[in-house]
Amino acid sequence: MIRASCTCCHGERGDIRWPSAPAIAGQSAAHTRKQLNGFRAGHRSDPGGVLRQSAHHLSDAEINALAYYLDGR
């Protein structure tokens, strides 16, 4: 299961699609890692800053684990 902060918009399996939050299940690990690193570093922005705030607290190991988990969905 993905982090609780992700599930409110993306669902427990990353397959929920909201108008402003795409389904993230099945994204390549490289893509997910790049996006999360961009949010964490502040190079990417999002409405309300939810992703930036959530990614800020992720370690490299957590980003890798999320990326591989979602890639396999």
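Residues take their numbers from the sequence shown, with the count starting at 1.
Considering every non-hydrogen atom in both Asp71 and Ser28, the closest pair reads OD1-CA, 3.8 Å. When all heavy atoms of Gly14 and Leu70 are compared, the pair lying nearest together is CA-CD2, 4.4 Å. Taking every heavy atom of both residues into account, Ala29 and Ala67 meet most closely at O-CB, 3.4 Å. When all heavy atoms of Ala41 and His43 are compared, the closest pair comes out as CB-CD2, 3.1 Å.
Atom SG of Cys6 is separated from atom CZ of Arg13 by 15.0 Å, given to the nearest 0.5 angstrom. Rounding to the nearest 0.5 Å places CZ of Phe39 at 7.5 Å from OG of Ser45.
Counting only heavy atoms from C-beta outward, the side chains of Thr32 and Ile24 never approach each other to under 4.5 Å. In this structure, the side chains of Leu51 and Arg44 stay at 4.5 Å or more apart for every pair of heavy atoms.
Of the charged side-chain nitrogens involved, at least one lies within less than 4.0 Å of a carboxylate oxygen, so that Arg40 and Asp60 count as a salt-bridged pair.
In terms of modelled atom types and a separation under 3.5 Å, the side chain of Asp46 and the main chain of Arg52 share a donor-acceptor contact. Not a single donor-acceptor pair under 3.5 Å links the side chain of His10 to the backbone N or O of Ala21.
Figure legend: Arg33 and Tyr68 shown as a cation-pi pair, the cationic atom lying under 6.0 angstrom from the six-membered ring centre and within 45 degrees of its axis.
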